[in-house]
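What follows is one structure encoded as structure tokens, with my remarks underneath.
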Amino acid sequence: MAPMTSTTGTTGTPPSSGLAPEIAARLKRSADGLIPAIAQQYDTGEVLMLGWMDDEALHRTLTTGRCTYWSRSRREYWVKGDTSGHFQWVKSVALDCDADTVLVKVDQVGAACHTGDRTCFDADVLLKDAEHGHEAADSGVPASDQ
């Protein structure tokens with residue numbers, strides 16, 4: 001099963017998805033018909049993982065209460081927790097301002113990462129607790145560009 005792609009490029013409604021047309025028409029997809037989906041712990045704000053969704057995966061996520069992703073390596077849908085027991089119970093789903101990323105706030109049960117870590121961002125921290133001594137307002141960068 002391949003991800004749904006639009007017949008009109010990277011926007012528009014894929015022909016065979018259950019996603020509501022008014023939502024599908026707003027999405028800005030990659031060339032392969034996918035959008036990044038950030039999973040975040042709903043009560044702590046902890047960023048858990050990044051997965052990929054096509055229209056059908058988003059539809060399933062919105063209607064089942066469990067996160068469904070498109071596996072780019074296995075080329076199939078997967079519901080978080082079906083094999084690992086580490087479920088993601090959906091609390092809310094939001095589209096970002098550019099309509100090219102979704103934020104799924106979840107109640108994560110167990111590890112979010114396939115490595116067994118709580119998040120996919122625990123093992124390779126590049127910078128931690130940096131103090132650069134400046135505030136964003138003092139950076140000289142207009143607020144609209146921050």
Side-chain angles (χ1 to χ4, degrees), residues 1-6 10-14 17-20 22-146:
M1 181 175 267
M4 300 292 134
T5 55
S6 171
T10 59
T11 61
T13 306
S17 168
L19 187 62
E22 62 273 12
I23 296 172
R26 297 170 55 202
L27 299 178
K28 293 180 186 168
R29 302 167 192 79
S30 65
D32 54 2
L34 301 173
I35 57 172
I38 300 166
Q40 181 181 36
Q41 179 63 34
Y42 82 100
D43 54 354
T44 65
E46 181 179 31
V47 176
L48 300 169
M49 60 174 278
L50 173 88
W52 295 92
M53 292 183 181
D54 67 358
D55 287 29
E56 183 59 23
L58 180 56
H59 167 69
R60 293 178 189 187
T61 298
L62 291 169
T63 58
T64 66
R66 294 186 51 209
C67 282
T68 300
Y69 299 99
W70 173 257
S71 171
R72 296 179 302 163
S73 59
R74 295 189 314 260
R75 311 233 10 108
E76 65 184 14
Y77 294 105
W78 59 280
V79 179
K80 184 68 177 163
D82 272 0
T83 56
S84 67
H86 299 162
F87 299 100
Q88 290 179 340
W89 301 105
V90 176
K91 296 293 189 174
S92 69
V93 180
L95 190 58
D96 82 331
C97 59
D98 296 318
D100 63 1
T101 304
V102 288
L103 175 63
V104 185
K105 292 189 178 182
V106 301
D107 189 8
Q108 176 71 47
V109 176
C113 188
H114 70 279
T115 64
D117 286 336
R118 168 72 180 163
T119 84
C120 293
F121 302 100
D122 289 342
D124 197 7
V125 177
L126 303 178
L127 182 66
K128 184 173 181 164
D129 300 329
E131 292 186 28
H132 296 288
H134 68 278
E135 297 294 323
D138 297 332
S139 69
V141 177
S144 62
D145 293 337
Q146 293 181 10

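Each residue takes its place number in the sequence, starting with 1.
Without hydrogens or angle criteria, Q108 side chain to A111 main chain gives a donor-acceptor distance under 3.5 Å. Proximity of a side-chain donor or acceptor of Q40 to a complementary backbone N or O of G45 within less than 3.5 Å is detected. With hydrogens and angles ignored, the 3.5 Å screen pairs a side-chain donor or acceptor of T61 with a backbone N or O of T68. Judged by distance alone, the side chain of R118 and the main-chain N or O of G110 form a donor-acceptor pair under 3.5 Å.
Atom CG in L48 sits 9.0 Å away from atom CG in D122 (nearest 0.5 Å). Distance check: H59 NE2 to M53 CE gives 12.5 Å after rounding to the nearest 0.5 Å. Interatomic distance, CG of L27 versus OG1 of T101, reported as 10.5 Å (0.5 Å rounding). In this structure, NZ in K28 is found 9.5 Å from CG in L95, a value given to the nearest 0.5 Å.
Under a 4.0 Å N-O distance rule, the pair R66/D82 qualifies as a salt bridge. Ion pairing between E56 and R60 holds under the 4.0 Å rule for side-chain N and carboxylate O.
For C67 against V104, the heavy-atom pair with the smallest separation is SG-CG1, 3.5 Å. Scanning both residues, Q88 and A39, for their nearest heavy atoms gives NE2-CB, 3.7 Å. Considering all non-hydrogen atoms of both residues, C120 and A112 come closest at SG-O, 4.4 Å. Minimum heavy-atom separation, I35 to D100: CB-O, 4.0 Å. Taking every heavy atom of both residues into account, Y42 and K105 meet most closely at CB-CB, 4.0 Å.
With Y77 as the partner, the ring pair (Phe, Tyr, Trp, His ring centres under 6.0 Å) test is satisfied by one option alone out of W70, W52, Y69: W70. Exactly one of L58, D55, D54, I23 qualifies for a side-chain contact (heavy atoms from CB on, under 4.5 Å) with S17. That residue is D55.
Looking at D96 and I38, their side chains never come closer than 4.5 Å, going by heavy atoms from C-beta outward. By the 4.5 Å heavy-atom criterion applied to side chains, L19 and L62 are counted as neighbours. Side chains of L34 and R72 form a contact here, defined as non-hydrogen atoms less than 4.5 Å apart.
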